[in-house]
2 protein chains.
Amino acid sequence: MPRIRHKSLDCSPGCVVEGALALIGGKWKGVVLYHLLQEEVLRFNEIRRRLPNVTPRMLTAQLRELEADGFVERKVYPEVPPKVEYRLTRHGMSLAPVIAALKAWGDAHIDLEARVKPSAKKKAA
Amino acid sequence: MPRIRHKSLDCSPGCVVEGALALIGGKWKGVVLYHLLQEEVLRFNEIRRRLPNVTPRMLTAQLRELEADGFVERKVYPEVPPKVEYRLTRHGMSLAPVIAALKAWGDAHIDLEARVKPSAKKKAA
DNA sequence: GCTTATAGTACCTAAAATGATACTGTGAAA
DNA sequence: TTTCACAGTATCATTTTAGGTACTATAAGC
């Protein structure tokens, strides 16, 4: 997904829309937020199991960005084997209506069986 | 923004969230949709003027994708100089609650003066 | 005759974002 | 003793996305 990173956000008033999208627009951020909204607390591999196609590299990256943006909190237990819990911060929870709107729209308009979206132009194999 | 394009969307139920994000996650799609929701009809250069930093190349690309995804309708008038109108389709209008949620969240949580977002890691110049 | 506006296109490049694969150290379970 | 799970890293390559600049045709306005 395109990270939106204009130096100047001078496309007001609509640009907060872009700004919001930039924050949750990582390839897996939406689902991660969704699951954390559902489950309160999840460990790294618990999230991973819910996202069958994510690589640990990507999941780490997405979680770190969500953490940097203040949406999730990462709690490391000094145990062996390692134990790390992820949960939403208050700021992260404020995204609930956004995620809910996306979910509602998706449920109503996305056909999961048709696994390829129109604009995903793929050359005829 | 990362286009989401897994071959199999088997991360249900949360993955419609990703699916939805993939559709509106182009760098300028959010703002374009926002403005079209506000104004009903806009011509190419009218949109362009509302997005000070967009290049015609990018704007065309975003509009074409929105069109391919069935969100906007492109109406060409066979005139000279050219006249092309863009407006939302019914499908595009169904995104209204999503855009509204993004806008509301952004208005509440994004500081437009602080032009750089936390996760936009930029090396100290 | 020159400039402007319209709605783009073409070509090239740079910068992100994503992906594949292999690997780490430790303790417990088999 | 070998294997497993945990929570990641490291390294590499590929794919996408975005941006820059220049250019098109035509008619109207000056």
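Within every chain, numbering begins at 1; the chains are lettered A, B, ... in the order of the sequence lines, protein sequences first and strands thereafter. Please read all numbers here as calculations on a predicted model, not as lab measurements.
The distance between atom CD of A:Glu79 and atom C1' of D:dA7, rounded to the nearest whole Å, is 12 Å. Rounded to an integer number of Å, the gap from A:Leu42 CG to D:dA7 P is 11 Å. Atom CE of A:Met58 and atom P of C:dT21 are 16 Å apart (whole Å). Atom pair A:Leu59:CG and C:dG19:P shows a separation of 12 Å (rounding to whole Å applied). The distance between atom CD of B:Gln62 and atom C1' of D:dT16, rounded to the nearest whole Å, is 12 Å. Rounded to an integer number of Å, the gap from NZ of B:Lys29 to P of D:dA18 is 8 Å. In this entry the distance linking CD1 of A:Ile47 with C1' of D:dG8 reads 13 Å, nearest Å.
When the side chains of ILVMFWY residues are joined at heavy-atom separations under 4.5 Å, either directly or via intervening members, B:Val41 and B:Val32 end up in two distinct hydrophobic clusters. Tracing side-chain contacts under 4.5 Å through hydrophobic residues (I, L, V, M, F, W, Y), one never reaches A:Ile47 starting from A:Tyr77; they form parts of separate clusters. Residues B:Leu63 and B:Val76 fall within the same hydrophobic cluster, defined by Ile, Leu, Val, Met, Phe, Trp and Tyr side chains chained together at heavy-atom separations under 4.5 Å.
Using bins of under 30°, 30° to 60° and over 60° for the plane-to-plane angle, the ring pair B:His91/A:Trp105 lands in the tilted bin.
Between atom CZ of residue A:Arg50 and atom CG of residue A:Leu59 there is a gap of 12.0 Å, rounded to the nearest 0.5 Å.
Proximity of a side-chain donor or acceptor of B:Glu73 to a complementary backbone N or O of B:Thr89 within less than 3.5 Å is not detected.
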Expected rows: protein N/O vs nucleotides 7-9 of chain C N/O, under 3.5 Å:
unit_1, atom_1, unit_2, atom_2, d
C:dA7, OP1, B:Arg43, NE, 2.8
C:dA7, OP1, B:Arg43, NH2, 3.1
C:dA7, OP1, B:Val84, N, 3.3
C:dA7, OP2, B:Asn45, N, 3.1
C:dG8, OP1, B:Arg64, NH2, 2.9
C:dG8, OP1, B:Arg74, NE, 3.4
C:dG8, OP1, B:Arg74, NH2, 2.4
C:dG8, OP2, B:Tyr86, OH, 2.8
C:dT9, OP1, B:Arg64, NH1, 2.8

Using a cut-off of under 3.5 Å, enumerate the N/O to N/O pairs linking the protein to nucleotides 27-30 of chain D.
none

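The environment of B:Glu46 atom CD is dense: over 12 non-hydrogen atoms of other residues, nucleotides or ligands sit within 6.0 angstrom. For B:Glu40, the CD atom is loosely surrounded, since the number of other residues' heavy atoms within 6.0 Å does not exceed 12.
In terms of phosphate contacts, B:Lys27 brings a side-chain nitrogen or oxygen within less than 4.0 Å of OP1 or OP2 of D:dG19.
Taking a cutoff of 4.0 Å between a charged side-chain nitrogen and a carboxylate oxygen, B:Arg87 and B:Glu85 qualify as a salt bridge.
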